[in-house]
Amino acid sequence: MATEAQIKALKINENVFELTEDTELEYLVHFAAPFTGSDKCLVPKGTTFAPHRPMRGDALYMHLIEDNEELFKKMEQQVKVNYEQLYTRLQGFSFFITEEQLQTFPLKFSSGSVERVLDIMRKLRSPVYPIFT
């Protein structure tokens, strides 16, 4: 597992990209309960993200560069329907992107690149971090 210093040194968040088409994204739904769910929504073209932390071996968490109130309202409405009993305990959402999605989603990078993000993912999975030796 990468240390905080190693994650920071990788400068993951310097890889900023936008969706060039409306794209269905899966996301995690967090509750003030011992439960995390997931859902999907259509995210509009032009929405800009930056990855920021490892999620699992083949994925990184990412955050919106600019708040999108309309998107969050749509996601909250889905939670109200799909997780009716937990809705009042909604704490937030986490977007993520996988290696496969990086290579197949319609993305345009304003800084960084697909190759750079894939390299970061490989380094995070590696038991030895050659960039830190």
Side-chain angles (χ1 to χ4, degrees):
M1 184 89 174
T3 66
E4 286 298 316
Q6 290 169 326
I7 292 168
K8 187 176 179 177
L10 290 170
K11 300 179 181 179
I12 299 169
N13 62 345
E14 292 182 4
N15 296 278
V16 177
F17 57 86
E18 74 176 68
L19 298 172
T20 59
E21 299 174 14
D22 292 351
T23 306
E24 185 176 68
L25 293 182
E26 186 175 6
Y27 55 90
L28 299 178
V29 182
H30 304 285
F31 299 96
F35 179 75
T36 299
S38 69
D39 214 331
K40 294 179 181 181
C41 70
L42 191 64
V43 178
K45 170 185 176 177
T47 303
T48 306
F49 291 94
H52 63 93
R53 294 203 51 81
M55 177 188 172
R56 59 180 195 233
D58 72 332
L60 295 171
Y61 285 112
M62 61 183 185
H63 61 270
L64 291 166
I65 295 298
E66 296 179 8
D67 284 339
N68 185 328
E69 203 61 37
E70 186 177 315
L71 177 61
F72 286 130
K73 283 181 183 179
K74 183 169 79 171
M75 293 163 63
E76 285 179 5
Q77 287 303 313
Q78 283 182 211
V79 170
K80 207 174 213 177
V81 171
N82 296 337
Y83 297 96
E84 183 179 348
Q85 294 180 333
L86 289 171
Y87 176 72
T88 60
R89 301 187 70 154
L90 178 64
Q91 294 293 298
F93 306 100
S94 293
F95 287 103
F96 61 91
I97 192 161
T98 66
E99 286 184 24
E100 180 182 344
Q101 292 166 334
L102 275 164
Q103 297 174 39
T104 59
F105 278 2
L107 307 175
K108 179 177 98 182
F109 279 77
S110 57
S111 64
S113 66
V114 168
E115 295 77 17
R116 174 72 181 124
V117 177
L118 291 172
D119 183 54
I120 288 168
M121 291 171 129
R122 281 189 292 276
K123 286 177 175 153
L124 288 168
R125 275 196 311 268
S126 173
V128 177
Y129 295 88
I131 63 170
F132 301 108
T133 57

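Note that this is a predicted model, so its numbers are computed, not measured. Atom set for the values below is all heavy atoms of this structure, side chains included, hydrogens, waters and symmetry mates excluded.
Considering every non-hydrogen atom in both Arg125 and Asp58, the closest pair reads NH1-CA, 4.2 Å. Here the closest heavy-atom approach between residue Ile7 and residue Ile12 is recorded as CG2-CD1, 4.0 Å. Pairing each heavy atom of Met62 with each of Phe96, the nearest pair is CE-O, 3.5 Å. Closest approach of His30 and Ser94 over heavy atoms only: NE2-OG, 2.6 Å. The nearest pair of heavy atoms linking Lys74 to Cys41 is CE-CB, 4.3 Å. Minimum heavy-atom separation, Glu24 to Phe105: O-CZ, 3.8 Å.
Panel note: side chain Tyr83, backbone Ser38; a donor-acceptor pair is recorded below 3.5 Å. Asp22 places no side-chain N or O within donor-acceptor distance of the main-chain N or O of Pro44, the cut-off being under 3.5 Å.
Using bins of under 30°, 30° to 60° and over 60° for the plane-to-plane angle, the ring pair His52/His63 lands in the tilted bin. Taking the six-membered ring for Trp and thresholds of 30 and 60 degrees, Phe72 and Phe95 have ring planes inclined between 30 and 60 degrees apart.
Around atom CD of Gln103, more than 12 heavy atoms belonging to other residues, nucleotides or ligands sit under 6.0 Å away. Within 6.0 Å of CD on Glu84 lie no more than 12 heavy atoms contributed by other residues, nucleotides or ligands.
Two residues are said to be in side-chain contact when any heavy atoms from C-beta on lie closer than 4.5 Å; Tyr27 and Val43 fail this criterion. Counting heavy atoms from C-beta outward, Phe49 and Leu19 have side chains that approach closer than 4.5 Å. Between Gln101 and Leu107 there is no side-chain heavy-atom pair separated by less than 4.5 Å.
Between atom CZ of residue Arg53 and atom CG of residue Leu124 there is a gap of 9.5 Å, rounded to the nearest 0.5 Å. Rounded to the nearest 0.5 angstrom, Leu102 CG and Met121 CE are separated by 5.5 Å. Here the CG atom belonging to Leu25 is positioned 10.5 Å from the NZ atom belonging to Lys40, to the nearest 0.5 angstrom. Atoms OG1 and CG, on Thr36 and Leu86 in that order, are 10.0 Å from each other to the nearest 0.5 Å. Residue Gln78 holds its CD atom at 4.5 Å from CG of Asp39, rounded to the nearest 0.5 Å. Atom CG of residue Asn15 and atom CD1 of residue Ile120 lie 4.5 Å apart, to the nearest 0.5 angstrom.
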Practice task
Would you sort out whether Glu99 and Leu118 count as a side chain to side chain contact (heavy atoms under 4.5 Å, CB included), showing the intermediate values?
Solution key: CA-CA 7 Å; Glu99 286 184 24; Leu118 291 172; 3.9 Å; yes

For Val114 and Phe17, run side chain to side chain contact (heavy atoms under 4.5 Å, CB included): C-alpha distance rounded to whole Å, both residues' side-chain angles, the deciding distance at 0.1 Å, then the answer.
CA-CA 9 Å; Val114 168; Phe17 57 86; over 6 Å; no

task: Apply side chain to side chain contact (heavy atoms under 4.5 Å, CB included) to the pair Leu60 and Met55, showing each step before the final yes or no.
output: CA-CA 5 Å; Leu60 295 171; Met55 177 188 172; 5.7 Å; no

### Message
Please determine whether side chain to side chain contact (heavy atoms under 4.5 Å, CB included) holds for the pair Leu28 and Tyr61, giving the CA-CA distance in whole Å, both sets of side-chain angles, and the decisive distance to 0.1 Å.
### Response
CA-CA 10 Å; Leu28 299 178; Tyr61 285 112; 4.0 Å; yes

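In this structure, Lys108 does not pair ionically with Glu21, as no charged nitrogen and carboxylate oxygen lie closer than 4.0 Å.
Residue Val16 is found in a hydrophobic cluster whose other members, listed by chain and number, are Ile65; membership requires side-chain heavy atoms under 4.5 Å apart, directly or through intermediates.
Tracing side-chain contacts under 4.5 Å through hydrophobic residues (I, L, V, M, F, W, Y), one never reaches Leu42 starting from Phe93; they form parts of separate clusters.
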